Amino acid sequence: MKKSTKWKISSFIILIIFFGLIYQKLLTNISVDQEEKYTIENAQIVVNSLSKDLEDNGFNFSKDQEFINKIKNDQSNINEISIVLGRKYFVSTNSNLTAKKISKKIFDIQKKIKFEFKKTKNVKIKSTVIKGKYAFYKPIIIKGKFKGLVIVKNTKETFFKANFSSTFLIFTLIILVGLLILMEIFLPKYQMIVGIALFAISILMINNNIGQKLQKNVDSWNIQKQNLAENFRTKLGITNQISLPKTQITVSQSVKVWNISFILIGTILLLLVYLNVVQRFFETLYEYREAYFYILPAMTGVFLLVFFPFIYGILIGFTDYNLTNFSTNLVTYFTNISNYTFSNFINILKVFNLHDYNNFYFTLIHTIVWTVLNLFFHVTIGVALALLLNNPRLKGRTFFKILLILPWAIPNYITSLIWKGMFHKQFGAINGLLQTLGFQPISWFTQAHTAFIANLVTNVWLGFPFMMIIALGALQSIPKELYEASAIDGSTKWQSFWTVTVPLLRPAMIPAIILGTIWTFNQFNVIYLVSGGGPDGATELLITDAYKMAFEQYRYGYAAAYCIIIFIILLGYGSFTSKISKATQGAYE
Amino acid sequence: MKKRIFVISLFSLMLNMLFSQTQIVLWHSYRGAEKTAINKVVANFNAQNKDVKIKALAVPFDAFPDKITAAIPRGKGPDIFIFAHDRIGGWVEGNVIEPLDYYLDDDISENFVEGAYKPMVYNESLYGLPMAVKSIVLYYNTDLLKNPPKTTDEMIAVAKKFTDPKSGKYGLVYENANYYYNACWMQGFGGRVFDKNNHPIINSPECVRSFQFSQDLFLKDKIVPPEVSNILVTTLFNENKAAMAISGPWFRGEIAKNIHYKVALLPIISETNTRALPFMSSEGVMMSAKSKNKDAAFKVMKYLVNDESAYIMAKIGKQPVANKSVYSHKDIADDPFLPIFKKQIKYSIPMPSIPQMTFVWSPASSAINAVINGESPKKALDKAENTVLKNLKAAGFK
């Protein structure tokens with residue numbers, strides 16, 4: 001057998017087993033939200049309707065004299081006590097504390113109960129009774145009158161499992177491999193298309209096999225559930241007043257979705273195999289195994305610290321992950337494909353309104369203007385100062401250099417807070433200066449444009465030293481001979497600046513500007529601490545907006561979508577500028 | 001060599017077994033005097049108990065709620081922690097904290113000062129044992145002002161006399177553009193943040209009137225300095241340039257030693273003849289839903305709020321403790337401040353603990369900021385109400 005055929009066949013086998021296992025795992029997470037509440041309105045309940053069930057399990061209200069007395073002593077009417085088995089419960093009644101004590105009593109009794117509906121053959125229930133599984137209720141009868149209802153409420157999910165049929169799998173695999181080998185011999189031209197088609201068919205077959213099994217389990221659960229409800233109805237002798245919910249779920253919908261996504265992913269992977277990408281990857285991995293072994297710790301670190309949060313953020317961005325579903329099991333939530341939509345992106349991008357400070361496009365334009373203006377001042381001030389400092393005739397150059405680096409060396413939140421104080425309307429230094437010059441004091445943070453200026457001034461102060469240092473380094477590396485040569489050619493100082501200094505500064509400055517742009521685009525500290533995004537969100541950047549979505553409103557999904565958009569913008573910018581910087585690489589050549 | 005290693009490991013194993021005890025991790029965000037006090041309480045507990053030990057960890061206040069929200073659902077984080085009640089709603093919905101009803105043996109509500117216990121209840125379950133109750137009061141400089149004003153008219157009159165913007169002197173300093181501080185007027189006028197159905201009503205006529213009042217204090221009466229920040233309040237008060245300040249118990253630690261001051265209840269609002277009602281936060285110890293030693297954790301919680309600990313928290317930590325019996329102790333009853341703080345709790349409203357509250361802060365603060373600077377209260381509050389409703393809807397609340 002040829003080497004490439006071996007690769008193909010083994011990758012087919014691996015892929016099918018892999019997808020089969022994933023599929024099985026995913027289907028396990030199909031769950032039924034069992035939250036049910038049985039309500040009774042004007043119901044005339046037969047006193048001992050449910051008692052037998054409970055008495056069999058050692059739960060007896062009539063014998064529990066203390067409990068009855070407590071209810072009797074309570075002067076006010078108890079309308080309803082709802083309890084959830086286990087530690088999670090709540091009580092609602094018009095007399096709070098008494099009911100709480102009663103419910104604690106009930107809880108203590110319930111600890112002893114073993115409920116009859118336990119494990120059955122097909123349905124696996126991952127929980128014990130104490131943690132709360134099944135809803136039941138008990139009327140509270142005082143002197144023959146219906147006074148209330150104890151509701152034991154179930155809030156847990158039920159998980160279903162369907163097992164992988166190994167004989168079916170092996171059978172499919174043998175047929176698949178056989179067909180592949182035949183294909184290799186007789187139809188070598190179309191092997192790629194046929195291979196992928198075969199793969200798709202096997203995935204469909206295996207998935208449907210598991211899906212059917214699961215559907216059977218779910219069906220039997222549904223029937224049991226309905227029987228239980230019917231049982232309650234007949235025991236209570238009530239038909240219409242009590243609505244017992246019917247839980248119906250079907251698997252077929254999710255089977256379809258998973259089939260499509262598996263076939264898509266599988267096709268891409270198979271294409272890589274057919275185009276020899278995978279082979280080459282593993283061959284290099286094997287050839288340079290020592291090298292890869294050495295960088296393994298670093299790679300693990302990068303994966304955990306960079307790629308994992310990155311992928312997690314992207315996943316969240318497509319979901320509506322927020323406070324209301326924060327507590328759901330992460331695996332359950334993220335493997336449920338119906339949670340993924342583009343609605344976050346549509347909601348962010350669909351409204352275009354530049355008069356609304358909170359609109360995405362307003363914030364985007366503000367962010368761009370902010371970045372461009374900042375970079376302009378950073379670079380011009382930085383380069384100008386570098387030119388001054390580069391003058392050998394300047395005395396105390398080191399002193400000035402240290403002085404000018406200071407704004408950069410001090411942590412920027414401290415600087416931001418100092419500037420915020422300096423912009424205070426009455427006690428701030430800036431207004432003090434304006435007043436001595438005869439101007440009216442300005443209330444900096446109450447208008448959008450003055451707040452913007454305050455932010456800008458702060459960030460220019462913070463940003464120019466970096467550009468200055470880069471420019472200074474680049475200036476010192478420009479050979480003096482070039483200036484001499486241009487002087488001999490009769491150029492003025494201005495001319496030699498434009499023809500010698502600027503072109504030779506460019507290769508050093510462009511990477512610094514790209515970096516500076518990304519920093520300024522995401523300059524969280526200054527905005528957050530100086531203007532706080534105010535007034536009314538007018539000076540908000542995209543990143544501070546995203547922060548507020550996530551941590552003030554708990555809309556994690558929406559905020560992540562916001563960040564994805566920021567990422568795409570910066571990625572576009574980065575790839576655009578990398579072309580420009582390539583163009584300047586040749587300056588020294 | 002091998003033998004030695006074996007012996008050492010066996011020995012350490014035995015040591016481990018001998019001293020195996022339950023460790024309860026406690027997170028708090030106390031600093032300064034309060035931190036000294038809580039450490040003393042923890043040391044006392046550890047000295048008295050052999051089987052359970054507390055390990056206290058101070059976590060910065062700003063990051064505290066987010067850390068709790070992130071760490072506990074992932075199985076990390078403390079067993080118990082101390083925080084104000086206002087985040088309880090979100091934490092209950094997020095399955096972060098444990099209801100305490102089952103651990104309580106009897107009615108403990110009588111052990112606490114009036115109003116301290118209620119904010120810890122959410123969905124009619126108890127989620128924390130209150131340790132301290134904090135609300136804002138009126139601080140006044142006794143060198144500048146002999147008697148505290150009883151009504152707002154009196155307050156404005158007194159403040160006007162003292163105010164002199166040219167030399168930087170003001171009658172009253174408080175963070176007037178901060179919704180939290182402003183709420184004392186809003187609630188005094190009868191306004192509330194939410195109605196009974198948890199629907200935001202921040203643009204009710206009462207709220208509008210109270211915002212008008214705040215605007216007048218600044219624009220018409222001119223007794224409050226512009227752009228008041230936390231630092232400005234402290235600076236002006238410490239330089240004898242402010243006759244009155246409105247702030248909470250935390251302000252005591254910031255006042256310079258040479259300043260003579262007292263605290264008083266917030267004044268009665270003359271317009272409505274009702275007392276100003278600030279937000280009250282009840283600070284309590286809560287239990288992680290993921291704690292592995294819940295019974296031991298509850299034992300620690302009960303210890304933290306008992307008379308002995310509460311006395312230390314009040315005496316050393318200068319905390320307006322929630323424990324009722326401490327106030328009958330001579331040391332605490334003679335304290336010129338703590339009984340006033342306790343009294344103010346009566347005239348206060350617990351800060352809403354429902355998760356919807358976090359959606360109110362930002363738009364409401366924008367509104368008060370605009371109003372202070374001359375915007376019409378009705379217009380600003382209508383806008384804020386709409387923003388809150390829009391954001392709530394987008395986040396999945398009905």
Side-chain angles (χ1 to χ4, degrees), chain A residues 82 84 86-93 96-101 103-104 107-108 155 320-330 344 347 357-358 417 420-421 423-428 431 441 443-447 532-538 548-558, chain B residues 65-66 69 73-74 89-96 98-99 101-107 109 121-126 165 168 170 177 225-229 231-232 235-236 289 294 355-356 358-359 361-363 365-367 369-370 372-375 380 383 387 390-392 394-397:
Chain A
S82 327
V84 176
R87 295 278 192 204
K88 286 182 71 64
Y89 84 120
F90 65 91
V91 174
S92 63
T93 157
N96 244 328
L97 214 76
T98 327
K100 269 192 181 50
K101 283 179 182 169
S103 65
K104 176 168 164 39
F107 172 72
D108 290 340
T155 53
D320 186 26
Y321 196 49
N322 64 29
L323 183 76
T324 49
N325 50 29
F326 188 72
S327 57
T328 41
N329 183 320
L330 275 184
N344 284 336
N347 285 337
Y357 288 153
N358 298 316
L417 287 175
K420 188 182 168 64
F423 281 111
H424 189 271
K425 191 185 175 189
Q426 186 170 8
F427 303 98
N431 276 355
S443 180
W444 289 95
F445 299 111
T446 53
Q447 287 154 294
D536 232 0
K548 285 192 176 164
M549 301 285 175
F551 298 105
E552 283 181 6
Q553 303 178 5
Y554 306 115
R555 291 166 69 188
Y556 300 106
Y558 194 78
Chain B
D66 291 336
T69 316
R74 314 277 170 265
W91 284 334
V92 173
E93 303 298 340
N95 199 13
V96 171
E98 178 83 3
D101 306 66
Y102 287 140
Y103 300 95
L104 297 170
D105 297 325
D106 36 48
D107 188 6
S109 63
V121 175
Y122 184 83
N123 270 353
E124 308 195 7
S125 264
L126 184 72
Y170 287 93
E227 291 171 25
V228 191
S229 61
I231 305 163
L232 191 73
T235 316
L236 289 180
K294 286 185 176 147
Q356 286 94 317
T358 46
F359 292 79
W361 289 114
S362 187
S365 296
S366 280
N369 211 353
I372 294 293
N373 292 300
E375 171 79 292
K383 193 178 163 196
T387 314
K390 199 181 85 191
N391 290 346
L392 279 175
F397 288 96

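All values derive from a computational prediction rather than experimental measurement. Chain letters run A, B, ... following the sequence lines, proteins first, then strands; residues in each count from 1.
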Nearest-0.5 Å distance that lies between atom CG in A:Asp536 and atom OG in B:Ser365: 11.0 Å

Side chain proximity check, A:Phe427 to B:Thr235, heavy atoms < 4.5 angstrom: no

Separation of B:Ser362 OG from A:Asn358 CG (nearest 0.5 Å): 8.5 Å

Partner chain A: residue of B:Ile231, B:Ile372, B:Asn369, B:Leu232 with the largest heavy-atom pair count (under 4.5 Å): B:Leu232

Least distance between heavy atoms, A:Gln426 atom then B:Pro165 atom: NE2-O, 2.9 Å

Residue among A:Gly533, A:Ser443, A:Gly532 with most heavy-atom pairs under 4.5 Å to chain B: A:Ser443

B:Asn391 CG to A:Tyr558 OH distance, which is reported to the nearest 0.5 Å: 9.0 Å

B:Ala367 portion near chain A, given a 4.5 angstrom heavy-atom threshold: neither

Structural part of A:Tyr357 lying under 4.5 Å from a heavy atom of chain B: neither

Atom of B:Glu227, atom of A:His424 and distance for their closest heavy-atom approach: O-NE2, 2.8 Å

